[in-house]
Amino acid sequence: MSAHPDERDAPWLDPKAQPYVRIENVTKKFGEFVAVNDVSLNIYRGEIFCLLGGSGSGKTTLLRMLAGFEQPTSGRIFIDGVPMEGVPPYERPVNMMFQSYALFPHMTVEQNVAFGLKQEGLPRAEIEERVAEMLSIVKLNGLEKRKPHQLSGGQRQRVALARSLVKRPKLLLLDEPLGALDKKLREHTQFELVNIQERLGVTFIVVTHDQEEAMTLATRIGLMDQGRIVQVGTPYEIYEFPNSRFVAEFIGNVNMFEGRLVEDEPDHVTIDSHDLGGTLYVGHGVSAAPDALVWAAIRPEKMVLSREEPPGQHNKASGIITEIAYMGDISIYIVELDSGKRVRVTQPNTHRHADDRFSWDERVWVSWSDSAAVVVTE
Amino acid sequence: MNQRRSIFLLSALVFGFAFLYVPILSMIVFSFNESKLVTVWGGFSVKWYRALLSNERMLEAAWLSIRIAAVTATIAVVLGTMAAFALSRFGRFRLRALFAGMVTAPLVMPEVITGLSLLLLFVAFAPLPLFPDARGFSTITIAHTTLTMAYVTVVVQSRLSMLDESLEEAALDLGARPAKVFLVITLPLIAPALISGWLLAFTLSLDDLVIASFTAGPTTNTLPMMIFSTVRRGLTPEINALATIMVGIVTVFVVTAGVLMARQERKRELEMRAAWQAAAAAGPRQ
Ligand SMILES: Nc1ncnc2c1ncn2[C@@H]1O[C@H](COP(=O)(O)OP(=O)(O)OP(=O)(O)O)[C@@H](O)[C@H]1O
Ligand SMILES: [Mg+2]
């Protein structure tokens, strides 16, 4: 998880801050098909903004409009205050790292990285110096003379990164930059990316469909679904305060209880849920019509397992443990409630000895606090 | 059963190859025949090759054919590449299907029709400026270009469709203008297709008889026309020698074109395999 938002500076909270990239009501249609649907976004200098979404949700299409390979069907894009209509890709202050890397197969690693600088007409000595510097940043020294097909997937990815960074763009677009890496290398490279970003002061827009990656990298996440941005926020906000079932279920694991509002006060609501076989008490107000259909989302780590029935009349249910997965630091329990609903509960393994751990087929109570649930209406 | 099948396969193979290559082989063998009688073996000799070298008219025709083939191949590569680009890079423009059909029509059009219609065109338009007023080198070259351009278009288009478009986009993104992108990225990557297209066009032009006969003037003789008219007056070992040389040239060209395309294919396979490995490495997520 990234830092709590208050610990970083948050230009998006400052009404006077000028966004570096401004996307205004951008729509992109391919024939009748709407790939990007009325997207508006402000992205600020120095951010790592993650576009997160399932396959086909329009992430690449949005990036391609920023890079200038596609023209919006309607809406406008400003970069550093300059409208981008009619500005071709080779004149935008933007570089892109492609999903497929798009390394030039007939050029060596060195020539690939030098390509962008050559187009600027820089003197040879400076090009060589900057290429060497960039190759050492991405740890590719010694591979300068290789062709792309002689490299591993991870090495190619780093060549692509070096090639797009060496021009020192103000804005770097990365399309699934870490897709081809194994888990270890991916985590390592994530830190590397953040390092490079902080060192060079570049603004990153990173496309990914890996939610863990987005949580690690992002200052903010824009979650996309079917061409629309469904929520924008810091990883903390997106995780703790999802604004819809889709967002809650997309990021991390969640237990979702469907029910109807029975009591609707400004400071709390109660929900009668057939999924739960009881009532939920939520310590925050909800803007929904009385008796409306709503969903309460509760994260597995915010639930507690116990053998005795907890006090109080809300926020609890009994059931039987049907599955246990021991993960080292935590254990995951799947509990089948008496209502038939299966819930996922994670508990930290604070004790080494297994004496008082729960076992298969044991009857237990699942409960949670008044502040654990988030109510969503769609 | 298996045995019988393999015998059947073997004889089919032998007959097939024999059918295709015995005539050519016998022609090659008899081109080294000492005797003047085409069908009687009189010992080994290269005298017909020597005779060929002193046959002025034959040499002149050969030189004309080679010049036509070279110019044809060059123009066909330029035009064919342009057509292939329009077809594979400009998306769905209006009348695209019609254009695609028209470009490749000469592939299936009977040569007699192509030749006849071109002849009519040249005769009708000869008085106009820019059109050649006498039939000969230029009319044959134009005719051959229309024919061979179709082949080049097909070869280049298939290469372009294999080429990852994001390579060109990456170059644009890195600040190269479209013309530069074409020169330093696209052209080097499709070069093998251009070369094999050129070789293909060259051989097609070199051995064309029908279209050349229609579009040549009364005094122009290409090599195939010359051979044809000579043979009608009777076979000579000299013609065998000439044909052997042509078989040699065509073989070299076609094999080179084939090797170029095969190598390109292999390279693509390597790239594909590398991509698969990368995908497999990324496979087990979380
Ligand atoms: N040139 C095009 N013509 C027609 N449809 C297109 C085109 N490009 C993209 N699309 C469609 O637009 C939708 C969004 O595509 P896009 O590539 O932006 O998805 P994505 O979010 O990047 O997905 P992934 O995670 O799989 O890369 C897809 O349904 C795709 O089929
Ligand atoms: Mg994509």
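First the proteins, then the strands, lettered A, B, ... as listed; each starts at 1.
Identified under the salt bridge (Lys or Arg N to Asp or Glu O under 4.0 Å) test for residues 102-116 of chain A, with sequence neighbours left out: A:E110-A:K145.
In this structure, chain B has a heavy atom under 4.5 Å from the side chain of A:F69, while its backbone stays farther away. For A:M107, the part lying near chain B is the side chain, with the backbone staying farther off; criterion is any non-hydrogen pair under 4.5 Å. Of the atoms belonging to A:L117, not a single heavy atom falls under 4.5 Å from chain B.
For a heavy-atom cut-off of 4.5 Å, chain A lies close to B:E169, B:A170, B:A171, B:L172, B:D173, B:L174, B:G175, B:A176, B:R177, B:P178, B:K180, B:V184, B:I185 in residues 169-186 of chain B. Inspection of non-hydrogen atoms places A:P89, A:Y90, A:E91, A:V94, A:N95 of residues 87-95 of chain A under 4.5 Å from chain B.
In terms of the salt bridge (Lys or Arg N to Asp or Glu O under 4.0 Å) criterion, residue partners of A:E85 (sequence neighbours excluded) are, by chain and number, A:R76.
Within 6.0 Å of OH in B:Y21 there are 12 or fewer heavy atoms belonging to other residues, nucleotides or ligands.
Under the 4.5 Å side-chain criterion, counting only non-hydrogen atoms from C-beta, B:L167 is in contact with A:P105.
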